[in-house]
Amino acid sequence: MTLRKFFPVIHIHPILLIFIIVSFLTGTFIELMVILGIVFFHELGHFTMAKMFKWRIRGIMLWVFGGVMDTDENGTKPLPEEILVTIAGPFQHLFIYMLLLFMSANSILPSSIIELAVFYNSVILFFNLLPIWPLDGGKLIFQILSTLLPYRKAYNYVIIFSIGTCIIFLIVQLLFIPFTLSAFILFLFLLMENRSDWKQRYYVFIRFLLKRYHGETYIRGIRPLEVSHDSFLMDIFSDFYREKRHPIYVTFPGNIRETVDEMDCLHSYFHERNYNKPIGEITGYLSG
């Protein structure tokens, strides 16, 4: 048994290095270590639950007040499974509260450290539940939205909403409440992360389609799609839902209809590279 089976590979985000340097200069290194301990325990919850479901995990990126587990399984596993992995992090804070209560009752740590840990445990829990991607709150919103909307639309909406929320928090920080440099940097960092994810949204969607094409996506249930013969494949794919198989009914002039399986369309797109042909032409090609 290797340690990697039980503990994730940890990566440090550059912004965390900045906070570490600042903590040395300002004499707040102990506070930062308390925060990092809580963050690591939080991410260990995600990691442990994901490992229980046999997810493939490359590692965890740590930054102040949070982290990101590096995995391609999001959007491909059963929804209850993904939700359990997401909420496993916040649930760790309940165990931290109990641990701190035990330490306080047995005078294991100074009361000042206990009070500090309780404060930051609450702050980190609240922060991670904010409805901002890729925090746990944002992931939960995406998971719920992706059952109500097509995958691509749900992802785009969550990123747009997150960018707007970050901007609002930054404006409030600057104009309406006492300015805190650490909070400003955190929301600025989240804004930049979401801006980057917005730029990468097409590749995230292509990865989702490739997972379906290779049979790596959990499917339960059928949701037929009705499309016109002049619809392009990517427009049709944009209506794909997670966990649903899509038989595609193509309508031709004269109210003629033909059924195409989604796997044939995905094969035509990725293998035959029919990027700019309407499905009417491709259907004739597939039938022939």
Side-chain angles (χ1 to χ4, degrees), residues 1-13 15-16 19-20 23 28-74 77-106 108-144 162 182-183 186-187 189-190 193:
M1 292 278 190
T2 62
L3 282 177
R4 189 167 179 178
K5 276 201 163 215
F6 303 101
F7 293 98
V9 175
I10 302 297
H11 305 283
I12 304 297
H13 196 280
I15 195 171
L16 178 54
F19 272 89
I20 291 173
S23 72
T28 56
F29 185 71
I30 293 177
E31 289 188 20
L32 184 61
M33 289 302 101
V34 170
I35 291 171
L36 290 182
I38 294 170
V39 168
F40 176 74
F41 206 75
H42 174 106
E43 292 302 322
L44 201 58
H46 293 308
F47 175 81
T48 303
M49 185 64 72
K51 276 295 184 181
M52 287 176 61
F53 290 122
K54 296 180 169 48
W55 283 24
R56 291 164 295 184
I57 304 166
R58 288 186 290 272
I60 288 176
M61 176 71 75
L62 286 183
W63 45 282
V64 179
F65 287 105
V68 177
M69 186 169 64
D70 188 8
T71 176
D72 289 333
E73 306 291 10
N74 291 316
K77 296 296 184 180
L79 181 64
E81 193 173 300
E82 291 194 15
I83 289 177
L84 283 173
V85 171
T86 300
I87 65 175
F91 263 105
Q92 290 291 89
H93 294 270
L94 301 180
F95 295 109
I96 295 174
Y97 282 126
M98 290 189 287
L99 180 62
L100 292 173
L101 184 62
F102 173 80
M103 288 181 171
S104 177
N106 292 276
I108 296 175
L109 288 176
S111 59
S112 59
I113 299 295
I114 297 290
E115 291 173 6
L116 191 68
V118 169
F119 171 74
Y120 281 117
N121 191 49
S122 302
V123 170
I124 293 169
L125 173 60
F126 171 76
F127 178 75
N128 275 278
L129 290 177
L130 289 175
I132 299 174
W133 181 269
L135 302 178
D136 295 331
K139 288 180 179 178
L140 287 172
I141 289 177
F142 169 66
Q143 287 156 1
I144 294 169
S162 297
S182 58
L186 282 173
F187 284 107
F189 165 73
L190 286 172
E193 285 289 298

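Numbering of residues begins at 1 and proceeds along the displayed sequence.
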Exercise. How about V123 and I35: do any of their side-chain heavy atoms sit closer than 4.5 Å?
Worked result: no

Seminar exercise, completed: Sorted by chain and number, sequence neighbours left out, side chain to side chain contact (heavy atoms under 4.5 Å, CB included) with M33 holds for F29, L36

Exercise. What is the minimum heavy-atom distance between L129 and P90, and which atoms define it?
Worked result: CD2-CG, 4.0 Å

Seminar exercise, completed: Those residues at least two apart in sequence (or on a different chain) that pass side chain to side chain contact (heavy atoms under 4.5 Å, CB included) with I60 are P8, I10, E43, F47, L62, M69

For this session: Could you verify whether a donor N or O on one side chain and an acceptor N or O on the other, from N128 and H93, lie under 3.5 Å apart?
Result: no

For this session: Would you check if the side chain of S122 reaches a backbone N or O of V118 as a donor-acceptor pair within less than 3.5 Å?
Result: yes

Problem set entry | Test item: T71 side-chain N/O and R56 main-chain N/O as donor-acceptor pair under 3.5 Å | yes

Exercise. With E82, which residues qualify under side chain to side chain donor-acceptor pair (under 3.5 Å), at least two apart?
Worked result: R242

Exercise. Who are the side chain to side chain contact (heavy atoms under 4.5 Å, CB included) partners of I144, not counting sequence neighbours?
Worked result: L148

For this session: Sequence neighbours left out, what passes side chain to side chain donor-acceptor pair (under 3.5 Å) with T86? Give chain and number order.
Result: Q143

Problem set entry | side chain to side chain contact (heavy atoms under 4.5 Å, CB included) partners for I87, two or more places apart | I83, L84, F91, L140

For this session: Would you give the length of the straight line joining atom CG of L125 to atom CG of L130, rounded to the nearest 0.5 angstrom?
Result: 10.0 Å

Exercise. Is there a donor-acceptor pair closer than 3.5 Å between any side-chain N or O of N106 and the backbone N or O of F102?
Worked result: yes

Seminar exercise, completed: Nearest heavy-atom approach of P131 to S162 is O-OG, 4.1 Å

